[in-house]
Each structure stands twice: as C-alpha cells, then as structure tokens.
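Naming: A, B, ... by sequence-line order, numbering from 1 per chain.
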Number of protein chains: 2
Amino acid sequence: MNRPTKQDPDRGDARTRLLESARDVIRTQGFAATSVDQLCQAAGVTKGAFFHHFASKEALGVAAAQFWAETTSELFANASYHDHAEPLDRVLAYIDFRRDLIAGELEEFTCLIGTMTQEAYAKYPAIREACAISMFGHTSTLEPDIQAAMEASGISGSWTAASLARHMQAVLQGAFILAKAGNDSSLAIESVDHLRRYVELLFKNRPKGGQND
Amino acid sequence: MNRPTKQDPDRGDARTRLLESARDVIRTQGFAATSVDQLCQAAGVTKGAFFHHFASKEALGVAAAQFWAETTSELFANASYHDHAEPLDRVLAYIDFRRDLIAGELEEFTCLIGTMTQEAYAKYPAIREACAISMFGHTSTLEPDIQAAMEASGISGSWTAASLARHMQAVLQGAFILAKAGNDSSLAIESVDHLRRYVELLFKNRPKGGQND
DNA sequence: TTGTTAATACCAACCGGTCGGTATGCGTGT
DNA sequence: ACACGCATACCGACCGGTTGGTATTAACAA
C-alpha cells in the first residue's frame, strides 16, 4: 500500500483501485445503478477515501472515462496492427484486432465509454464530454491510415477518412449492444465481419483515380 | 380521463400514460436513473396507480419494452419503404426511412431498447429478454427483403440475410451512441450513409451467380 | 540527526433525503 | 352490492455526501 510522494502527487493507491473497480462495475451495471458504497466495497476502501479523491460521483465518472482513454490508447498504441507496410492493411488489421478482442465474457470486452454515454449524455454533461473526448480521440488515431489508404487507392468519394473512422466506432458500439441484448458475443463478431467486408469493398472496387461514389 | 371498462380490461388510461412517460423519460435518463416517483409525476398519476398496474419497477421496464415493440412495429409496417417492386430497393428504402427518422432532438429519435439493454443486460434479465425480443423481432422483418435481394442478385456469400439485418440494427444503435457522445445527430446520419453504401456495394459488384466473398 | 510543522491519505460514523414498495381507504361503474 | 381503479399515507433501506479525526509523509530548521 504505497503512498504517493510529492514527486508523484496524485495517483494514490486507493484512487487507482477505485478507478479499476469503477471500470469493471460500471461496465456491467451502468453508472446510475452503481452506488458509491458498492464502488468502495469493490475497491476495498472506505467512503471517506472515495470523496477524498473525487469531489462527487460525477467526478469519478469523468475520471473513469479519462482512465479508460489512457489505458486503451496505450493498448492500441502497442498493438501490432501498425506493423503493415500498406495503409489499407493497417486498417484491416485494426478491424481484425478489434474482432479478436471480442472474446470471453461481455463485461470483459464491451466499452465503458459507450455504456456511460447512454446514461450520462443528458444528465451528466461533464461525463458526456469526457466520453466524447475518449471516443473521438480514439477514432482520430485511425484517420491517418484511412487517409493514406484513400490516397494510395486514388479514392476521393463523398465520404471522409474521419467519417469512416467514426463509422467503424459506431459499428463496434452497436455490435456490443446487440451482443448484450442477445447475450451472445458472436452477434458482435458478426457485425465486425460485415464492417471488414465494407472496408474491403470500399477500397477494392475503386475507379482508378476517379470519383468513387 | 376515461377509465377502462371490463370489455377493455388492460390499457387503462393511467397505464398507457405511464408507458408513454417511461418511453420518454427512460430514453433520456436511462432506466436506473429514473425513479418511480418521477415516472408518476410525468404521467400525472400517483404511486398507488403505478403499483396497481405494474408489480415492480422491473415489470414496468418489461412492459415499456413490449410497448415500444408494439408501437414501432406498427410504424414500420405502415411505412412506405415496402412499396418498391425490387427487393433491393425495399432494403435501401428502409435505410433511407431510418435515416429520415433521425431528425430533431436526440430524445425523439434514439432507441429505448438500446438504452435499456445496456443497463439491464446483467441486472434485470427479464428486461434484457424483452429488449432482445423487440430488437431481433424487428430485424427479422427485414430478412425476407434481404433474402429476396440476395436471390435476385444470385448472391450466396459467407453472410446471411439474418446477419445483415442484425448488422443494420447494430449500425443504427452505434450511430445513436455516437450522436449522444458528440451531441450531434449528424454523426448518426453519417453512419447510416456508410451503411447504405455498404448495402449498395454488396449487391452492385456481385459476381453473376457465383460466390461473393 | 532530530524536532516541528504542514500537508496528504485515509477512516468510521453519521446526515438529511430519496429510494422502491406496501397497506389501506374511497369513489365510481356495473 | 361489490369489484375495480386509483389516491393517500407511510415504511425500512439505501442513497450521495459530510463530518471530525488519525496515521503517514515531506520539508525545513536547529
């Protein structure tokens, strides 16, 4: 149980454990259905510690979204889908990577951001904002590869690299919802497969150097 | 304020108003964040009336999902996208219809089922089940047109009509989440446009009578 | 090295208020 | 007469948040 130092001011042990617990519990139960007491029990800390680190339950939601953004961006930055020479291959490898992540229990692969967004967008604007930053921050990392693939294929259609990146995110989010509704992870994989086919079709049947749409 | 009669046993005035209020309030705030008192106030009834019609808050969630399924299936059954000779045109017209529904405020076009599924899938199995019936009940209505379009185009790929119908639903659900995160309905429209392009590409560049994938 | 001060991390008990749910009474249509 | 639809009043449990306080550490002076 190491304490933070002046060189590392924030980031106490209790704080991290609370954020990890928040990620796991909120992902399964949702934000509103999760009580502060439940979070404290899961993290093994007291309520006093909770409100020492977070001004409110909403503030924890914001911090959890940021924590999610940090940890997942690290995961994607270190992933091997970047190791392809062709930009289109990197995009397709990203989709394969996301597909492979869909394994095991629902609580382990679904997205905290998507779950919180639905509950928070009207009631907790600060959480919605943090979710937006996390979500669109991630999609923006996909844009360079998509853009390069478009240029390599001579595509200049009515859609942009940014919009395709966001659409890929939308498919994943929707896939998670269907998996939850049907309680079957293969429903999510199914949609990711359709997404991969879409990207393949987009870049395969291009008119050389012309308008695509 | 007409009361229900013995000839018209269910569907009392208070019950319907509660279900309509549940649809509107839960869609914006989520299920867990919505209190029974709030529902009663929105419907203009007392708590006694609430628990007269619904055994519990969870039972209201189930009834709200069924109510949603009834009203939306009526909307889709009467829509004009069925009035096309070619099955592929009916599928594309369905997508256009869904696209046109995305207008106005978020609370008016987003999906109650998708919202409730995220919160209920682990904590309220009965609600999850009701959401699954509503969601996949709707996607199954799309299958005949997709199947007919596949046969008309001689497509027999690695995907099925049912899976494409579910993928269309996934895109819509994900599009709603992105719209909520970015607080911008055009983010949803953008994804629906990608979905339309996918369906067009699927059926346009077919090998005549051969394997498509 | 040691004593002092200040800041931080954390705890246990508790607060007013709200939660989902219940018990019961009462007016109305049949 | 009486079943039904709903209102009023109320309950114990739990909610998010606050309180006063303690243990640990860093910073600095002697």
Practice problem: May I ask you to check if B:K57 and B:F50 form a cation-pi contact, with NZ or CZ under 6.0 angstrom from the six-membered ring centre and within 45° of the axis? | Solution: no
Quiz item: Listed in order of residue number, which residues of residues 118-128 of chain B have a non-hydrogen atom at under 4.0 Å from DNA chain C?
Solution: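 Result for residues 118-128 of chain B: none.
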Practice problem: For B:S35, enumerate each residue passing the side-chain contact (heavy atoms from CB on, under 4.5 Å) test, keeping only those at least two apart in sequence or located in another chain. | Solution: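 For B:S35, the residues satisfying side-chain contact (heavy atoms from CB on, under 4.5 Å) (neighbours in sequence not counted) are B:D37, B:Q38.
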Quiz item: Between A:H53 and C:dC10, is there a side-chain N or O to OP1/OP2 distance below 4.0 Å?
Solution: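 For C:dC10, OP1 or OP2 has a side-chain N or O of A:H53 closer than 4.0 Å.
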Self-check item: B:H52 vs D:dG5: side-chain N/O to OP1/OP2 distance below 4.0 Å
Solution: yes
Under 3.5 Å donor-acceptor pairs involving side-chain atoms of residues 124-133 of chain B, not counting sequence neighbours:
from   : atom 1 : to     : atom 2 : distance (Å)
B:R128 : NH1    : A:A181 : O      : 2.5

Quiz item: For A:T139, what residues pass the side-chain hydrogen bond (donor to acceptor under 3.5 Å, both in side chains) criterion, not counting sequence neighbours?
Solution: none
Self-check item: salt bridge (charged side-chain N to carboxylate O under 4.0 Å, His left out) partners for B:D89, two or more places apart
Solution: none
Quiz item: Taking the six-membered ring for Trp, are A:F76 and A:F97 parallel (under 30°), tilted (30 to 60°) or perpendicular (over 60°)?
Solution: perpendicular
Self-check item: A:F67 ring center near A:H53 ring center (under 6.0 Å)
Solution: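 Aromatic pair excluded; centres sit 6.0 Å or further apart.
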Practice problem: Tell me whether the centres of the aromatic rings in B:Y198 and B:H167 are closer together than 6.0 Å. | Solution: yes
Self-check item: Protein proximity profile, nucleotides 18-23 of chain C - base contact B, sugar-phosphate-only contact S, no contact -, cut-off 4.0 Å on heavy atoms
Solution: -SBBB-
